[in-house]
K.L.:
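I am attaching a structure below and will ask some questions about it afterwards.
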Number of protein chains: 2
Amino acid sequence: MPVPPPLQRSRIFDGLTDAEREQWLGRATRVTLKRGETLARQGEPARHFYLVETGFLKVLQLTVEGTELIVRFVGAGEPFGGVVALGNAPYPVTATATQPSVMRAWTRESLATLLAATPQVSVNIMREMAAHMTDALTRVRELTTARVGPRLAQTLLRLARQCGERHPEGVLISQPLTRQEFADLTGTTLYTVSRTLTKWETMGLLQTRQRLVLLRSLPRLEEIAGSDED
Amino acid sequence: MPVPPPLQRSRIFDGLTDAEREQWLGRATRVTLKRGETLARQGEPARHFYLVETGFLKVLQLTVEGTELIVRFVGAGEPFGGVVALGNAPYPVTATATQPSVMRAWTRESLATLLAATPQVSVNIMREMAAHMTDALTRVRELTTARVGPRLAQTLLRLARQCGERHPEGVLISQPLTRQEFADLTGTTLYTVSRTLTKWETMGLLQTRQRLVLLRSLPRLEEIAGSDED
DNA sequence: CGGTGGCCTTGCGCTGGCGCAACGACGCGC
DNA sequence: GCGCGTCGTTGCGCCAGCGCAAGGCCACCG
């Protein structure tokens with residue numbers, strides 16, 4: 001049985017032999033999710049470690065008052081729940097499929113066994129986590145120092161890196177996102193997002209149709225992201 | 001040679017026998033820092049893993065433009081640099097002593113050897129890191145939703161947890177911090193911090209002398225922190 | 001003891017961006 | 001084709017909080 005490419009290329013398996021990869025994948029079960037279904041709920045005990053085979057997840061944190069924070073998106077080849085499944089803390093976040101998705105899942109026990117056999121993977125998981133940490137700190141820094149314009153530009157560029165598709169006229173952010181979601185990611189309101197995007201659209205920097213955004217000039221967006229103007 | 005108490009109690013060594021602890025500490029070297037000296041600089045290769053024996057560190061992230069973000073403080077018994085020392089990424093942050101400090105240091109190589117012998121420690125490190133992640137996300141959420149008042153109250157309460165000392169009239173934040181530092185931690189300006197603290201002082205919620213803050217009513221501060229008023 | 005430098009306070013004017021309200025566009029189901 | 005629900009746009013008023021500028025307090029030093 002051939003292993004699907006995205007899993008082969010997952011950074012989680014960096015430095016492993018093909019045999020070791022097979023060993024991991026042989027122990028996994030498959031979970032399929034419909035659009036909108038939830039994989040893990042904040043507060044529930046973390047029983048599994050997941051890897052996205054195909055699809056896309058939205059990771060949320062819910063506050064006591066019910067407001068939600070979009071933590072990140074998880075695409076093909078990316079892991080979810082690695083660290084918590086090792087300790088015995090509950091999931092600190094909720095993960096929901098934003099499109100039909102197929103996951104590979106390992107139980108805590110399999111994970112422990114496999115990590116003991118191939119310790120390189122735990123280093124890879126930590127590396128992944130360190131990257132998320134850097135991301136989170138970048139967000140904090142931007143929120144405390146940058147104005148809305150640059151922050152929104154950053155958000156667009158980050159999304160382009162995470163789920164951008166090459167397109168004849170630029171880079172298309174392949175995930176449909178509402179204005180509210182852009183606002184949540186940027187730390188502003190849907191009104192300001194709407195106003196700013198329409199302004200940039202008239203300037204020719206990008207193009208929006210429905211919930212999709214096509215970035216037409218990465219350099220100029222990077223310029224905005226780096227400056228303190230919008 | 002008796003092991004200093006703060007290290008004994010470090011969460012990093014949870015689940016270890018006394019002998020295993022001794023094994024770790026026997027491999028460590030001691031580093032002493034004067035006030036203001038820097039232990040690790042952002043961008044430098046991460047060669048060591050540290051544990052604070054006594055003292056206090058300020059962890060900063062510097063932006064390209066030179067603005068600095070206070071990431072966290074590290075007190076006695078707490079680790080620094082655990083994850084990066086495992087991978088081969090450079091330090092993502094700078095750590096500076098805010099008072100005379102004594103550290104224990106392990107090289108990458110010792111760390112790898114010791115972790116192989118006592119894998120529980122890597123789980124402990126990950127747990128620690130997960131806590132920092134939660135902290136960072138809490139900060140992001142607060143910055144995007146809460147007003148300055150509640151955020152500042154949160155900051156004070158967090159500091160009280162990290163380095164609070166019982167005091168006949170309340171809890172004293174044992175670290176001297178400038179208004180600018182409170183502002184950096186809260187995501188506001190020194191002006192607003194000053195105004196808010198003086199207001200709370202007249203209300204009897206707290207008392208400031210020099211750079212020290214004495215919290216006199218945790219319940220009322222928690223109330224402010226949780227509401228959307230100030 | 002007077003000077004110097006670092007930190008804190010506070011009055012004041014200004015504005016970025018929030019958020020209501022009203023309306024428009026689009027897709028979907030019946 | 002019509003109605004309904006979701007999402008996006010935009011005019012407008014408003015205010016939280018920023019940041020300058022001026023002044024005060026305090027510690028430290030020669």
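Computed from a predicted structure; not experimentally measured. We name chains A, B, ... by the order of the sequence lines, and we start the count at 1 in each one.
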K.L.:
Within a 6.0 Å radius of atom CZ on Arg47(B), are there more than 12 heavy atoms belonging to other residues, nucleotides or ligands?
P.N.:
no
K.L.:
Tyr191(A) has a side chain; which of dT10(D), dC7(C), dG17(C) sits nearest to it?
P.N.:
dT10(D)
K.L.:
Looking at Glu181(B) and Arg211(B), is any side-chain nitrogen of the basic one under 4.0 Å from a carboxylate oxygen of the acidic one?
P.N.:
no
K.L.:
Between Glu78(B) and Arg72(B), does any side-chain N to carboxylate O distance fall below 4.0 Å?
P.N.:
no
K.L.:
Within the 4.0 Å heavy-atom criterion, would you say Thr208(A) contacts the bases, only the backbone, or no part of the nucleic acid?
P.N.:
nothing
K.L.:
Compare side-chain N and O positions of Arg195(A) against OP1 and OP2 of dT9(D) and report whether any pair is under 4.0 Å apart.
P.N.:
no
K.L.:
Nearest to the Ser194(A) side chain among dG16(C), dT10(D), dT9(C), which nucleotide is it?
P.N.:
dT10(D)
K.L.:
Mind grabbing the angle between the end helix axes of the helix from dC1(C)-dG30(D) to dC30(C)-dG1(D)? Five pairs an end, 10° rounding.
P.N.:
30°
K.L.:
State whether Thr198(A) places a side-chain N or O below 4.0 Å from either non-bridging phosphate oxygen (OP1 or OP2) of dT9(D).
P.N.:
no
K.L.:
I would like to know whether Val213(B) and Leu159(B) meet side-chain contact (heavy atoms from CB on, under 4.5 Å); could you show each step before the answer?
P.N.:
CA-CA 10 Å; Val213(B) 177; Leu159(B) 286 167; over 6 Å; no
K.L.:
Check whether Thr96(B) reaches the backbone of Lys58(B) with its side chain - one donor and one acceptor, N or O, closer than 3.5 Å.
P.N.:
no
K.L.:
In this structure, how many angstroms lie between the P atom of dC7(D) and the CZ atom of Arg209(A), rounded?
P.N.:
18 Å
K.L.:
Rounded to the Å, how far apart are Leu143(A) CG and dG17(C) P?
P.N.:
12 Å
K.L.:
Would you say a side-chain N or O of Gln210(A) is under 4.0 Å from OP1 or OP2 of dG27(C)?
P.N.:
yes
K.L.:
Give a yes/no answer on whether the side chain of Thr189(B) brings an N or O atom under 4.0 Å of OP1 or OP2 in dC18(D).
P.N.:
yes
K.L.:
Round to a whole Å and report the spacing from CG of Leu190(A) to C1' of dA22(C).
P.N.:
14 Å
K.L.:
Lys199(B) NZ to dT10(C) P: how many Å, rounded?
P.N.:
13 Å
K.L.:
OP1 or OP2 of dC18(D) sitting under 4.0 Å from any side-chain N/O of Thr192(B)?
P.N.:
yes
K.L.:
CG of Asp184(B) versus C1' of dC7(C): gap in Å, rounded?
P.N.:
15 Å
K.L.:
Applying the ring-ring contact (aromatic ring centres under 6.0 Å, His included) test to Trp106(B), which of Tyr50(B), Phe80(B), Phe49(B) qualifies?
P.N.:
Phe49(B)
K.L.:
Output the rounded distance in Å from CD (Gln180(B)) to P (dG19(D)).
P.N.:
10 Å
K.L.:
In whole Å, what is the span from the CZ atom of Arg147(A) to the C1' atom of dC18(C)?
P.N.:
14 Å
K.L.:
Does the side chain of Asn124(A) come under 3.5 Å of the side chain of Glu128(A) through a donor N or O and an acceptor N or O?
P.N.:
no
K.L.:
Quickly work out the Trp200(B) CH2 to dC8(C) P distance and round it to whole Å.
P.N.:
16 Å
